[in-house]
Amino acid sequence: MKILAIETSCDETAAAIVSKNPKENFGRVLSNIVASSLALHSKTGGIIPDIAAREQLKYIIPVVEKAIENLPSTKDGKLRIEDLDALAVTQGPGLIGSLLIGVETVKTLAYLWKKPIIPVNHLLAHIYANWLVTDTQKPKAIKFPALALLVSGGHTDLVVIKNHKNFKWLGGTRDDAAGEAFDKIGRLLNLPYPAGPIIESYALNGDEKSFSFPRPMIGSKDFDFSFSGLKAAVMREVKKIKKMDEKTKADIAASAQKSIVEVLVRKTIKAAKKYDVKSILLGGGVAANQKLRETFEKRIKEQIPIVKLFCPEKSLCTDNAAMIGAYAAFHPEKKSWNKITANPELYFD
Ligand code: KG4
Ligand code: ZN
């Protein structure tokens with residue numbers, strides 16, 4: 001089946017075409033376009049919902065047009081609108097203004113083109129980026145039961161996946177998400193938004209032992225997380241520093257990143273042992289962090305070597321529409337255009 005997918009939950013406007021053969025255990029990315037209003041938000045230090053929605057309006061049609069134009073020609077010629085089996089769209093969670101642009105655009109296209117719509121949960125879609133195949137991301141042998149760690153700007157969740165129809169949420173953050181912690185610590189260090197990738201590169205020149213920041217809830221019995229205490233601890237240290245030079249910034253970045261990575265890895269491995277999983281899947285923007293990936297590889301090898309780690313290629317960790325198409329291809333529950341509404345509060349069922 002071939003699906004045109006659209007993602008507009010936050011500040012990225014994205015469209016992609018994903019195909020899936022029923023005999024294959026992956027979705028193939030045929031085209032994948034992402035436009036972002038990030039540059040505007042980096043000036044304000046965070047996302048302003050009204051600006052994000054207005055930018056979505058500007059980009060949505062050009063992005064969809066480009067996703068269709070960019071399709072590779074197959075032996076049967078170029079893909080046409082008639083060849084699409086369905087449209088997929090992020091239903092939630094996200095910013096209501098941004099979500100509405102994607103949902104209402106898809107409803108209009110579905111009405112005009114007489115196509116069904118597959119509504120998709122953005123959180124599950126991040127995890128399904130692991131089931132995508134691109135020119136550089138080959139098919140993966142993901143075995144169930146799997147444990148997914150979703151780490152993005154808005155979420156930090158652990159989910160056990162018994163099969164494609166059975167998801168069990170284990171826990172999530174009680175306050176800031178992991179990505180949000182990176183972003184807020186970045187703001188304290190005067191770094192532009194989103195700070196995650198910048199903190200990662202600063203950390204390369206820093207000493208992760210120079211500051212002993214807390215590792216909140218690392219030993220708690222549940223699978224919940226909390227990162228606001230870490231941000232507060234960084235703030236206290238920053239206030240003590242008279243002149244912030246680049247080396248001190250790098251040391252704070254490395255030490256804070258270490259705290260976040262340690263908590264994520266320790267709790268995930270604990271859950272993997274408890275639920276006896278065969279695979280660990282990472283997803284969401286923070287999953288692009290190389291330190292997180294390497295620490296996972298190392299600890300899994302030491303502690304649970306039969307478990308395999310899977311991470312999407314970095315461009316598929318941050319928001320994109322190919323992941324929306326991937327989830328839709330595995331869950332083709334089609335609805336008519338008049339049955340779809342955006343749901344900013346959507347969570348794991
Ligand atoms: O998944 P995503 O694109 O959007 C949401 O659904 O939230 O995640 C964005 C988040 C931001 O907080 C950003 O700082 C963080 O992911 N991020 C990273 C890295 N790349 C993006 N955090 C740490 N290291 C990175 N390399
Ligand atoms: Zn996301």
Side-chain angles (χ1 to χ4, degrees), residues 1-3 5 7 16 18-29 85-86 88-93 116-134 137-152 155-172 222-224 264-265 267-284 287 293 296 300 303-313 316-317 320-335 343 346-349:
M1 81 182 303
K2 291 189 180 58
I3 298 171
E7 148 67 32
V18 172
S19 75
K20 185 176 177 301
N21 182 325
K23 292 193 192 115
E24 290 173 337
N25 194 28
F26 57 83
R28 189 176 291 279
V29 181
D85 297 284
V89 68
T90 302
Q91 186 175 27
I117 302 177
I118 305 170
V120 174
N121 179 324
H122 180 92
L123 306 178
L124 290 170
H126 266 303
I127 298 167
Y128 271 75
N130 284 290
W131 276 280
L132 282 172
V133 164
T134 65
Q137 179 164 298
K138 301 288 162 241
K140 297 167 176 170
I142 299 171
K143 288 196 185 139
F144 292 127
L147 174 69
L149 172 68
L150 166 64
V151 269
S152 68
H155 293 87
T156 307
D157 294 287
L158 277 169
V159 182
V160 173
I161 309 175
K162 287 195 186 142
N163 56 55
H164 287 295
K165 294 223 162 358
N166 188 322
F167 306 97
K168 179 183 160 70
W169 180 80
L170 301 183
D222 51 28
F223 294 109
D224 283 349
L264 294 174
V265 172
K267 285 234 147 146
T268 306
I269 291 193
K270 187 175 128 189
K273 287 178 182 164
K274 176 165 178 186
Y275 289 90
D276 207 9
V277 300
K278 297 198 172 89
S279 319
I280 292 178
L281 316 178
L282 304 188
R293 290 171 177 228
F296 260 117
I300 289 172
Q303 298 182 34
I304 39 174
I306 48 166
V307 175
K308 281 224 144 53
L309 176 71
F310 298 92
C311 317
E313 68 179 47
L316 296 174
C317 287
N320 65 86
M323 68 186 197
I324 307 299
Y327 183 86
F330 279 91
H331 305 86
E333 288 142 28
K334 300 174 185 163
K335 293 194 173 167
N343 181 356
L346 197 66
Y347 202 45
F348 295 99
D349 288 328

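The environment of K308 atom NZ is sparse: at most 12 non-hydrogen atoms of other residues, nucleotides or ligands sit within 6.0 angstrom.
Side-chain contact between L309 and C311: present, with at least one pair of heavy atoms (C-beta onward) separated by less than 4.5 Å. Proximity of K273 to I304: side-chain heavy atoms (C-beta onward) are separated by under 4.5 Å at one or more points. Here the side chains of T268 and F296 are in contact, with some heavy-atom distance below 4.5 Å. Two residues are said to be in side-chain contact when any heavy atoms from C-beta on lie closer than 4.5 Å; F167 and L124 meet this criterion. E313 has its side chain within reach of T134: a pair of non-hydrogen atoms, C-beta onward, lies under 4.5 Å apart. V151 has its side chain within reach of L264: a pair of non-hydrogen atoms, C-beta onward, lies under 4.5 Å apart. When side chains are defined from C-beta on, L123 counts as touching P93, because their heavy atoms get closer than 4.5 Å. Using a 4.5 Å heavy-atom cutoff, the side chains of Y128 and M323 are not in contact.
Atom CD1 of I127 sits about 7.5 Å away from atom CG of L281, to the nearest 0.5 Å. How far CG of L282 is from CG of L150: 10.0 Å, rounded to the nearest 0.5 Å. Note that OG1 of T90 is 3.0 Å distant from CD1 of I324, once rounded to the nearest 0.5 Å. Rounding to the nearest 0.5 Å places CD of E7 at 7.5 Å from CG of N320. Taking OG of S279 as the start and NZ of K140 as the end, the distance is 11.0 Å to the nearest 0.5 Å.
Taking the six-membered ring for Trp, Y327 and H126 have ring centres at least 6.0 Å apart.
Taking both residues in full, the closest heavy atoms of Q303 and I269 are given as OE1-CG2, 3.4 Å, listed atom of the first, atom of the second, then distance. The minimum heavy-atom distance linking I3 with G325 is given by the pair CD1-O, 4.0 Å. Closest approach of S152 to G284, counting heavy atoms only: CB-CA, 4.2 Å. Annotation for V277 and A146: closest pair CG1-C, 3.9 Å, computed over non-hydrogen atoms. Between K267 and D224, the shortest heavy-atom contact is NZ-O, 2.8 Å. The two residues A322 and V29 make their nearest non-hydrogen contact at CB-CG2, 4.0 Å.
For the pair K20 and F330, the cation-pi test (distance below 6.0 Å, angle within 45°) is passed.
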Practice problem: Kindly indicate, with the supporting measurements, whether the criterion side-chain contact (heavy atoms from CB on, under 4.5 Å) is fulfilled by V120 and V89. | Solution: CA-CA 6 Å; V120 174; V89 68; over 6 Å; no
Exercise. Check the pair C317 / R293 against side-chain contact (heavy atoms from CB on, under 4.5 Å), numbers first and verdict last.
Key: CA-CA 12 Å; C317 287; R293 290 171 177 228; 3.3 Å; yes
Quiz item: Given Q91 and L346, is the side-chain contact (heavy atoms from CB on, under 4.5 Å) satisfied, shown in steps?
Solution: CA-CA 8 Å; Q91 186 175 27; L346 197 66; 4.3 Å; yes
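Aromatic ring orientation, F144 versus H164: perpendicular (interplanar angle above 60°, classes split at 30° and 60°).
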Less than 3.5 Å apart, which donor and acceptor atoms pair up between the side chains of residues 155-162 and the rest of the protein, not counting sequence neighbours?
from	atom 1	to	atom 2	distance (Å)
T156	OG1	A178	N	2.8
D157	OD1	W169	NE1	2.8
D157	OD1	Y347	OH	2.6

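Q137 contributes a side-chain N or O that, together with a main-chain N or O of L132, makes up a donor-acceptor pair within less than 3.5 Å.
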